[in-house]
Amino acid sequence: MSPTKSVIMVTGGSGLVGKAIQWVVENDDKYGRREGEEWVFLNSKDGNLVDPAQTKAVFEKYRPTHIIHLAAKVGGLFGNMAANLDYFRDNLLINDNILHNAKEFGVQKVVSCLSTCIFPDKTTYPIDETMVHLGPPHDSNYGYSHSKRMVDVMNRAYNDQYGCNFTSVIPTNVFGPHDNFHLVNSHVIPGLIHKCYLAQENGTPFIMAGTGRPLRQFIYSRDLAKLFIWTLREYKEITPLILSVPEEEEVSIKQVGDSIVKAMGYTGDYRFDTTKADGQYKKTASNKKLMSLNPDFQFTPFDVALNETVEWFKENVDTIRK
């Protein structure tokens with residue numbers, strides 16, 4: 001980015017990844033704040049990004065030169081299944097408002113956040129950046145998935161028509177401090193941390209659904225934050241970039257449970273309810289392109305990242321999203 005003053009606006013700045021970016025900006029020597037950078041972290045109080053007038057007002061207020069776009073309408077499996085149209089329309093409007101105003105206000109670069117759910121449901125593994133549009137996404141959240149795919153379409157069109165430097169990244173499963181630890185509506189790691197904590201507090205069994213065999217690539221939110229900042233500063237392409245740990249760092253859900261039990265110091269009854277469904281066995285993503293561009297990047301070991309997340313949970317258990 002240019003040595004003159006930069007205003008970097010992060011939409012969705014109060015969420016898991018936004019908070020991680022804020023932490024890296026304030027604490028990391030390599031990826032943190034540089035001279036001449038002003039960072040603005042938006043939350044819902046700054047304006048409703050579904051609304052064109054409110055979005056324009058945000059741009060007029062902060063005059064960003066660069067944007068990391070994280071804001072989205074997100075929900076769990078059942079929320080998506082019940083309201084695919086709402087997820088499609090709201091996210092389409094948010095993304096259109098952000099990118100349209102970025103063009104109108106002369107923003108130098110936008111990095112938008114996509115999701116691995118945009119990949120075709122029927123595919124080969126590992127998935128890579130060339131496969132995004134090669135078939136329909138899973139039917140359960142097709143509204144959300146298609147709205148996220150359209151970001152890539154808009155990025156290419158803005159670049160073709162106006163020369164805009166708009167790109168996007170696709171993270172795998174993210175976890176870390178400031179996550180949503182709700183018992184039902186959260187992702188697997190924060191939900192299990194909360195469940196184990198309650199089992200420990202109440203002296204009840206810690207029971208995990210399924211066999212524990214499925215594999216996932218988990219990326220620590222603070223590692224992802226560093227990669228978002230690197231993408232903003234260094235990534236030159238319009239095509240999306242997968243941000244993920246290597247394929248060989250996939251961990252099983254049983255390993256996740258074992259690590260949580262250890263980090264929590266839980267000594268009670270811990271077992272799996274194999275009558276419950278496992279879900280998709282694996283959805284391996286390739287990070288070869290990322291590592292070819294940023295070969296020296298060091299990912300935080302999974303157990304270290306999980307320990308830090310559990311410690312943050314225990315310190316903030318009274319005030320967290322749960």
Seminar exercise, completed: Separation between CG (Asn27) and CZ (Arg33), nearest 0.5 Å, reads 10.5 Å
Seminar exercise, completed: Closest non-hydrogen atoms of Gly265 and Gln200, given as atom of the first, atom of the second and distance, are O-NE2, 3.3 Å
Exercise. Is atom NE2 of His146 surrounded by more than 12 heavy atoms (other residues, nucleotides or ligands) closer than 6.0 Å?
Worked result: yes
For this session: Group every Ile, Leu, Val, Met, Phe, Trp and Tyr by side-chain heavy-atom contacts under 4.5 Å, then state whether Leu92 and Leu49 land in the same group.
Result: no
Exercise. For the side chain of Lys73 and the backbone of Tyr144, is there at least one donor-acceptor N/O pair under 3.5 Å apart?
Worked result: no
Exercise. More than 12 non-hydrogen atoms from neighbouring residues, nucleotides or ligands closer than 6.0 Å to CD on Gln298, yes or no?
Worked result: no
Exercise. Are the side chain of Asn159 and the backbone N or O of Asn165 linked by a donor-acceptor pair below 3.5 Å?
Worked result: no
Problem set entry | Least distance between heavy atoms, Ala71 atom then Gly12 atom | CB-N, 3.7 Å
Problem set entry | Closest non-hydrogen atom pair between Ser112 and Leu99, with its separation | OG-CD2, 4.4 Å
Problem set entry | Side chain proximity check, Lys148 to Pro137, heavy atoms < 4.5 angstrom | no
Exercise. Quick one: do Ile94 and Val74 end up in the same hydrophobic cluster if we chain Ile, Leu, Val, Met, Phe, Trp and Tyr together by side-chain heavy atoms under 4.5 Å apart?
Worked result: no
For this session: Can you measure from CG (Leu290) to CZ (Phe297) and round to the nearest 0.5 angstrom?
Result: 8.0 Å
For this session: Taking all non-hydrogen atoms of both residues into account, name the closest pair between Gly176 and Thr309 and its distance.
Result: CA-OG1, 3.4 Å
For this session: Look only at the side chain of Asp128 and the backbone of Ser286, and say whether a donor-acceptor pair between them is shorter than 3.5 Å.
Result: no
Problem set entry | Student check: side-chain heavy atoms of Phe119 and Leu134 closer than 4.5 Å | no
Problem set entry | Residue pair Val153, His133: steps toward the side-chain contact (heavy atoms from CB on, under 4.5 Å) verdict | CA-CA 10 Å; Val153 174; His133 300 284; 4.1 Å; yes
Problem set entry | Thr65 side, atom OG1; Met9 side, atom CE - distance, nearest 0.5 Å | 10.0 Å
For this session: To the nearest 0.5 Å, tell me how far Leu198 CG sits from Thr204 OG1.
Result: 7.5 Å
Exercise. Do the side-chain N and O atoms of Asp223 and Thr300 include a donor-acceptor pair separated by under 3.5 angstrom?
Worked result: yes
For this session: Return yes when atom NZ of Lys56 has more than 12 non-hydrogen atoms of other residues, nucleotides or ligands closer than 6.0 Å, and no otherwise.
Result: no
Exercise. Does Leu227 reach the side chain of Phe299, with side-chain heavy atoms less than 4.5 Å apart?
Worked result: yes
Problem set entry | Heavy-atom closest contact (Ile118 atom, Ser145 atom, distance) | CG2-O, 3.6 Å
For this session: Could you tell me which residues satisfy ring-ring contact (aromatic ring centres under 6.0 Å, His included) with Tyr220, sequence neighbours excluded, listed by chain and number?
Result: Phe175
Exercise. Do the side chain of Tyr266 and the main chain of Phe206 share a donor and acceptor less than 3.5 angstrom apart?
Worked result: yes
Seminar exercise, completed: In short, Arg233 meets Lys236 closest at the heavy-atom pair O-NZ, 4.3 Å
Seminar exercise, completed: To the nearest 0.5 Å, atom CD1 of Ile193 lies from atom NZ of Lys195 at 13.5 Å
Exercise. Salt-bridged, Lys254 to Asp258, with N to O below 4.0 Å?
Worked result: yes
Exercise. Does the Thr11 side chain pair with the main chain of Leu70, one donor and one acceptor, at a distance under 3.5 Å?
Worked result: yes
Exercise. Should Val17 and Leu224 count as side-chain neighbours, where that means a heavy-atom distance under 4.5 Å?
Worked result: yes
For this session: Using the rule that two of Ile, Leu, Val, Met, Phe, Trp, Tyr join whenever any of their side-chain heavy atoms come within less than 4.5 Å, decide whether Val107 and Val7 are in one cluster.
Result: yes
Exercise. Do Val110 and Tyr235 share a hydrophobic cluster (ILVMFWY, side-chain heavy atoms under 4.5 Å, transitive)?
Worked result: no
Exercise. Would you say the side chains of His69 and Asn95 form a donor-acceptor pair under 3.5 Å?
Worked result: yes
Seminar exercise, completed: For Tyr158, the ring-ring contact (aromatic ring centres under 6.0 Å, His included) test, sequence neighbours excluded, returns Phe166
Exercise. Are the side chain of Gln54 and the backbone N or O of Asn48 linked by a donor-acceptor pair below 3.5 Å?
Worked result: yes
For this session: State, with a plain yes or no, whether a side-chain heavy atom of Ile260 is found less than 4.5 Å away from one of Leu306.
Result: yes
For this session: Would you confirm whether the ring centroid of Tyr270 sits within less than 6.0 angstrom of the ring centroid of Phe272?
Result: yes
Problem set entry | side-chain contact (heavy atoms from CB on, under 4.5 Å) between Leu293 and Glu234, intermediate numbers included | CA-CA 9 Å; Leu293 298 169; Glu234 307 293 342; over 6 Å; no
Exercise. Would Ser168 and Asp152 satisfy side-chain hydrogen bond (donor to acceptor under 3.5 Å, both in side chains), going step by step from the backbone distance to the final call?
Worked result: CA-CA 7 Å; Ser168 59; Asp152 178 44; 4.9 Å; no
Exercise. Within a reach of under 6.0 Å around NZ of Lys262, are more than 12 heavy atoms found that belong to other residues, nucleotides or ligands?
Worked result: no
Exercise. So do Phe302 and Val256 actually touch side chain to side chain, heavy atoms under 4.5 Å?
Worked result: yes
Problem set entry | Donor-acceptor under 3.5 Å (Asp179 side chain, Phe181 main chain) | no
Side-chain atoms of residues 243-251: list all donor-acceptor pairs with protein atoms under 3.5 Å, sequence neighbours left out, distances to 0.1 Å.
| unit_1 | atom_1 | unit_2 | atom_2 | d |
| --- | --- | --- | --- | --- |
| Ser244 | OG | Thr172 | OG1 | 3.4 |
| Ser244 | OG | Gln217 | NE2 | 3.2 |
| Glu247 | OE2 | Lys288 | NZ | 3.4 |
| Glu250 | OE2 | Thr284 | OG1 | 2.7 |

Problem set entry | Test item: Asn43 side-chain N/O and Gly13 main-chain N/O as donor-acceptor pair under 3.5 Å | no
Exercise. Between Glu129 and Ile242, is there a donor-acceptor pair closer than 3.5 Å when you use the side chain of the first and the backbone of the second?
Worked result: yes
Exercise. Any side-chain donor-acceptor pair under 3.5 Å between Ser259 and Asp303?
Worked result: yes
Exercise. Shared ILVMFWY cluster between Ile170 and Met154, side chains joined below 4.5 angstrom?
Worked result: no
Seminar exercise, completed: CZ of Arg216 to NZ of Lys282, rounded to nearest 0.5 Å, is 10.5 Å
Exercise. So, does Asn307 use its side chain to make a donor-acceptor pair with the main chain of Val304 at under 3.5 Å?
Worked result: no
